Structure formats: C-alpha cells, structure tokens
2 protein chains.
Amino acid sequence: MDSGIERRSRAALSRLMEPQDAAGLALVQAAGAVDALRVATGQLSAGPELEREITALLSDGGPGTSWAGLAASLKRWHPRIPDLAPERDLATMARLGGRLIIPSDELWPVQLADLGIQEPICLWWRGQEQPLPGAATSIALVGSRDSTSYGASVTGDLAYSLAQRGFTVVSGGAYGIDAHAHRAALAGASGAVPTIAVMAGGVDRFYPSGNDDLLRAVSNQGAVLAEVPPGSAPTRYRFLQRNRIIAALSAVTVVVEARWRSGALNTAHHAETLGRAVGAVPGSVHSANSAGCHRLLRDGGAVCVTDAAEVAELAGPSGSALPDPRHGQAAVQDGLTLEDLILLDALPLRSVTSVEKLSVVAGLAQYSVRAGLGRLGLLGLAVPERGGWKRGKATG
Amino acid sequence: MDSGIERRSRAALSRLMEPQDAAGLALVQAAGAVDALRVATGQLSAGPELEREITALLSDGGPGTSWAGLAASLKRWHPRIPDLAPERDLATMARLGGRLIIPSDELWPVQLADLGIQEPICLWWRGQEQPLPGAATSIALVGSRDSTSYGASVTGDLAYSLAQRGFTVVSGGAYGIDAHAHRAALAGASGAVPTIAVMAGGVDRFYPSGNDDLLRAVSNQGAVLAEVPPGSAPTRYRFLQRNRIIAALSAVTVVVEARWRSGALNTAHHAETLGRAVGAVPGSVHSANSAGCHRLLRDGGAVCVTDAAEVAELAGPSGSALPDPRHGQAAVQDGLTLEDLILLDALPLRSVTSVEKLSVVAGLAQYSVRAGLGRLGLLGLAVPERGGWKRGKATG
C-alpha cells in the first residue's frame, strides 16, 4: 500500500471525525484508514459484514457507546465532506516546519497504543523532527489555569528538576500550571525533548494567544502536538479528549493544583484508566486550588508527591528507583532496645548519678543497668564521670 | 475476690513495671493482678508452670520480645519494691478529685481491650467521674509541638467542629497541635466529654507546666488520664508507650502536622497496627511540619483529610456517613451526552447561528443538531433567536 494514501486518508479522517468518534475509530480499525475514508465519504458502500464488525468492536468498548448504525454515522460525517483537503493541511504543516505522523511511522509514540481503539488516528506535529520520548521518560504535569503562587512555584521546581533529570514534561499549553510546567522544563532542558504541549485545537495557531511566545519556544526545542487538523478550534469537547493523549504519552500524570472540579482531574482519570501512575501535590486545606488534588488523594487513586525525586520514583520500574537520601538522618538512639531507651531517659543531663539510683529510676536490675551503660557508653550516649554516669553529648 | 485488693494490686503493679513491660503484662494475664503482684514482689514463688505460661504468652506477642526468664524480670522489678505504696497513690488521686480505674470497672474504656496483652494494667484518672466515650465517638488529633500557624488554625477548626458534632477529641496534652486540639475542643464542647488528655507522666502534676491552666480545664470538663502512677516523670520511653493508648481510645487518629521524624507518626503507626483509621492533613510541600503527614499519605496507611466532615466520615461505620454536600455543585452540562457537548461547544456565545452552520462546525447531521438543540433548549443551554440559535445563560 502506498503510505502516501494512508497518510492522506488519516489526515482527512482527522478532519471528518471528532476525536474519539467511537464509530469512526471502529470503522478505521475494521476497514483500514484508506477504505474507512472511502466509506465515510460515500465513495465505497459498506456491506453488512463491515457493519457487524463495527458493532462487535463497539460492544468490546463497553456498554457506554450508543451505536445507531453506520447510516447514522454517515449522516453525522456528511456535512464536513466538502471541507476535506488533506493535501492543503499537509502543506500547511510543512510550511510551519511540522509534519503529520501516523501509527505506522517510526516516529509514532508507541505508548499511545495503550489507548486501544481510542488511539488517535494521527498526530499533527509542530516542531523539529526528532524521536519523541517513550512513556518511561515522559511525565505529565497538569493543573488549574488560575494557579496560585504556590502552584507556580511547585510546578516550576518539579518541571525544572524533571527536565534536568532527562524527563520530558508533557502538558496542555494552557495558562497557569501548564505554562509554568513548559517554561521550567525549557529552562531545565538537558535532553532532546524537554517538553511536549498537546493542544486541543489545531497546531497552526498557538492557543491561548497569551502563550504564543512560550508555545513557539516549546515547538522550537520540543514538540507541539494535536490530533485535530490545522484550523480546528479548541472546543471544550476537544479539551476533554485531548487529555487522554497527555495521559497516554506519560508514565506518570501529576496534578499540581486543581479545584474540586477541574479538567486536570479528567486527565488523572484517563491515566488511572490506562493503569498509569497518578501523583497529586498536597497543599493547604484552605486553598480551593488544592481541593482537587486532595480529592484525588482521598479517592485513593493518586500518590502524594512533594518533589521531583518522588515523581521520578513513580515513573521508574518498581524497585529500581533509589530511595531519596534527603529525608532526615537517623538519630543515634534509633536502634536502641526498649531497655536501653528507658535507661537513656533515666540518665541525668547535667548531674552525675549512680548505678543504684539508675536501677530505681529506670526500674532495671543493677546488672542490667551496668550492661546498658556499657552499650550506651560505646555510642557516646552515656559518659562515666566521678565514679558515676551522666548523659553523653551524642544525645542531641 | 475483693475488688479493693485487685485495685490496690494494679495500682502497685503500675508503679513496679514500666508501661508495656511484656513479661509483667504476661505475668498479670497468667496469674491475675493480685498473684502477679505477690510473685513480682517475691511474696509468692512462681512454679515452672507459670513460667511456661508466660513464655507462651510472650511468644504469641511475636518474636520481638526478648524474655530472659522470670528471674531476670524479678531482678528488674526488685529495686522499686520499696517505693510501692498503692494506698498513698489512691489517696492522692482522691484528694485531686480523681480515681483509678481497672479493666473490670464499668467506667473502663472497652476499646482498650483491642490492645490485647498491651492493654494498660490500670488508668489514673483526674477529672470528674462520668462515662468515657467509646471508640466510635473518639478522635485523636496529634502533631508537632512546634506547630505552625497553619497547623494551629487547621487543628482549631477540626477540634472545634468535631466537639460540636459530639465527638471527644483525644490528644497528649503537649504544646503545639495537642494544646490547640484540647483548647478548641473545650470551646466547641457540646457533649459530656469534649476532650481527653493522655499523659506520659503522672496526672498529679500537669506537664508541661506551660499547659497547666489548659490541662486543669481539660480535667474539669473532660478527663486527664495516665497509666503511670502519681509522681511519675514523663520520660521519652513513656511518651512512646502513651501513644498506643491515644490510638486505642480513638476510632481515628489524625496527624495534623508532623515533621519527617515525629512522635505523632508513632501514634499513627499504633492506630494502623490496631486496624484503626489514620488521617493525615495535607499542607505545603515547602513546610517541614507537613513532611510527616505527606510521608503517611505516601506510605499508603493514611487517608487525606481536609475538614471535620471528612474526619467524621472515617469514624463512621463505612457507608453510614452521608456524603458532604459542600463540594461543588454539578454543572448543568455535566449530564450531557458527548454529541450534545459537541453541539454546546459549537454554539456561539454572542452571535446567532443556523442549524446548517452548526451541522458543519459540530460535525453532526442536521437532524441531530435539531434534536440536540431541543434538549439543550430545555436545559436553558441553547436559546432560539431571530430564526437561529445561540448559547444560553445557564452555561456559566
């Protein structure tokens, strides 16, 4: 098969069908992209066998799908047929220094196959051609548009450190948390693709316009992707569908700040459905912008993450990540037996005491006190002085 | 059996043995308190059968216990025998308006039996005689001594609201989170026992002295309890042991603020061991005083709690708690099908559009657009105007 036809067909299908059009995706799976486009545009008529196959594929997808038959789908697609111009769309991308990739391409992110029938038909890609990262080294940082200074600061720290460690930071290119994530990842860039923005609308226009410079920088150093063709408006429906791609590209989806109701939670649920790890950053219980994160923590799907090391740990194959040495040093007395701990408590800090007195205060036999003082002495926790004992300096 | 002897024996045993002295508790379980005291003080010699029984009880307790035989324990207890004066201790408590309770008493909190062999031998109780609450209505609020203003504020809100709902707030009487918990519970008091302080030292002296007024108020309205007799110093060992009583009294242990290494985490681990719920309050990832809470959330043992309703939900038998209605109202568009959501996105906010244009923009057949507009119109999401349609005000 001419791969040019396959590419042009998928380009056209991505304009004909809304993202995750279940019947459309089933048609593509059953007939292949080239014939699917012919069927969808009325150039080829579908027999009853194809219709049966689509019905079977849709019922595999669960009972949520209402399938009114191919005729209904054809009516839905029909109004858009006059708008199809895949060559023009491909030329637009080439002019912008971009391209279209399809699942059979070398450059296609293989982890998207985990979406099953919901895998995008194609991806419109603005940015230089380079290998995109696999799931293991991609981490999604998502959250509210109206982020607080706390959210901005945490996102900046996480994205910068993750990029420094060679991870690709995936986000949605929006204001707030998304923008902070892209910006800090660019600043921390150490590898080839520091950050990827997955857009809800066409990549020919950067949206929102206030992020124009930022998204231009993302496309220069990283990648800006969308499943909808150039010229597509970023509708609410497309935002929700776009979130599944962010989740599917990444090993971990971290929600940094989100209100009780937030699109970022939708991305987290996609990640959970895919069996990917979900992290949530805790915050003040008084901040409405952390309520969504706390909801994720409460509902049990998300792991509490407070720094880049903990996020990286979620991305690593279990057991391979090294424990973070930053947290607290063991106190000298941590390994003591209960008896020695009692004895340590009984030792005065300033004055000197006798074995007899310690025996009474600690409730230990004198021979136990002597043995214990020996052990504590070795640790510097007890010090002999003027024929008695006092607490050592190591106690802290 | 004369219950006066039982009471006096347990009073004496609580001075002879440190809290959770495994061999001592096993001896009490095997021989009963009265004979246990006689054996421990050398008035009665233990036969090999008693020793075997104690060994069996101790091996039930797991491999952690080192048991060097009864002779070793007798040597440990021996130095304290001259100090035993149970009548004096009981008289002290009576003078302070308090009492001693033992497991056979009506007033004994039955939930302490969940501690098994680690159940306290007795409790010294300062405060007026009144029924103590069961586990279902007791909630432990614990945390750092060096609390932040955030911790103080959250603890105050939680304790006040919980007391208002009729819960008893259990804590340790220390500075910081403990003090805020007791104080706010007293302020919110609606039931008989708003708050209980479980002390690591004797209840004859309020410790720390800076909390003297507060603990006096707790003993007046609630209860101040300890398993160690009057005059006992609050040693580090006793603090750790005391924590198991706080956990065992309560249905839920909530850690409001705690450093990475904190005694409050010890209380949480006791609660977990007992199969009781553990809650952790999230906070800023930049606050060292929340690091312990986040650790609990990460390790998976704790549930994220952000207000009194969520804490109460943990205390309630599962399923009986009503969902909290506070969180977000459903948006009008929440129940829409994907098709109607696409259509809603396609509707312009200010201008008016036609069914034909909507059909192209939304990628829906014209009959679907008409049917969808009818449904959206009923919800106030679409409004007919000048022969066309625009977005309704209900969209928000």
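Predicted model only: the values in this text are computed from it and were never measured. Numbers restart at 1 for each chain; the letters A, B, ... are given by sequence-line order, proteins then strands.
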Practice problem: Apply side chain to side chain contact (heavy atoms under 4.5 Å, CB included) to A/T41 and list each qualifying residue two or more places apart in sequence or on a separate chain. | Solution: A/L16, A/L37, A/Q43, A/I81, A/L84

Quiz item: So, A/D345 side chain and B/T235 main chain: donor-acceptor pair closer than 3.5 Å or not?
Solution: no

Practice problem: Check whether any side-chain heavy atom of B/Q366 lies under 4.5 Å from a side-chain heavy atom of A/H78, and answer yes or no. | Solution: no

Quiz item: Does some side-chain heavy atom of A/V305 sit less than 4.5 Å from a side-chain heavy atom of B/R298?
Solution: yes

Quiz prompt | Lys/Arg-Asp/Glu bridge criterion (N-O < 4.0 Å) met for A/E310, B/R295 | solution = no

Quiz item: In terms of heavy-atom proximity below 4.5 Å to chain A, should B/A302 be classed as side chain, backbone, both, or neither?
Solution: neither

Quiz item: At what distance, to the nearest 0.5 angstrom, does CD of A/E18 lie from CG of B/L341?
Solution: 10.5 Å

Practice problem: Could you tell me which residues satisfy salt bridge (Lys or Arg N to Asp or Glu O under 4.0 Å) with A/R76, sequence neighbours excluded, listed by chain and number? | Solution: A/D21, B/E339

Self-check item: CG on A/L297 to NE2 on B/H294, rounded to 0.5 Å
Solution: 8.5 Å

Practice problem: Go through A/R80 and B/S359 one step at a time and tell me if the side-chain contact (heavy atoms from CB on, under 4.5 Å) criterion holds. | Solution: CA-CA 8 Å; A/R80 284 186 177 168; B/S359 163; over 6 Å; no

Quiz prompt | Choice from A/M17, A/K75, A/R259 maximising heavy atom contacts with chain B below 4.5 Å | solution = A/K75

Quiz item: If you count heavy-atom pairs under 4.5 Å between each of A/D299, A/V303, A/V285 and chain B, which one has the most?
Solution: A/V285

Quiz item: Can you say whether B/D83 sits under 4.5 Å from chain A via the side chain, the backbone, both, or neither, judging by heavy atoms?
Solution: side chain

Exercise. Kindly give the heavy-atom pair with the smallest separation between A/Y150 and B/G283, and that separation in Å.
Key: OH-O, 3.9 Å

Quiz prompt | chain A contact via B/S368 - which portion, at a heavy-atom distance below 4.5 Å | solution = neither

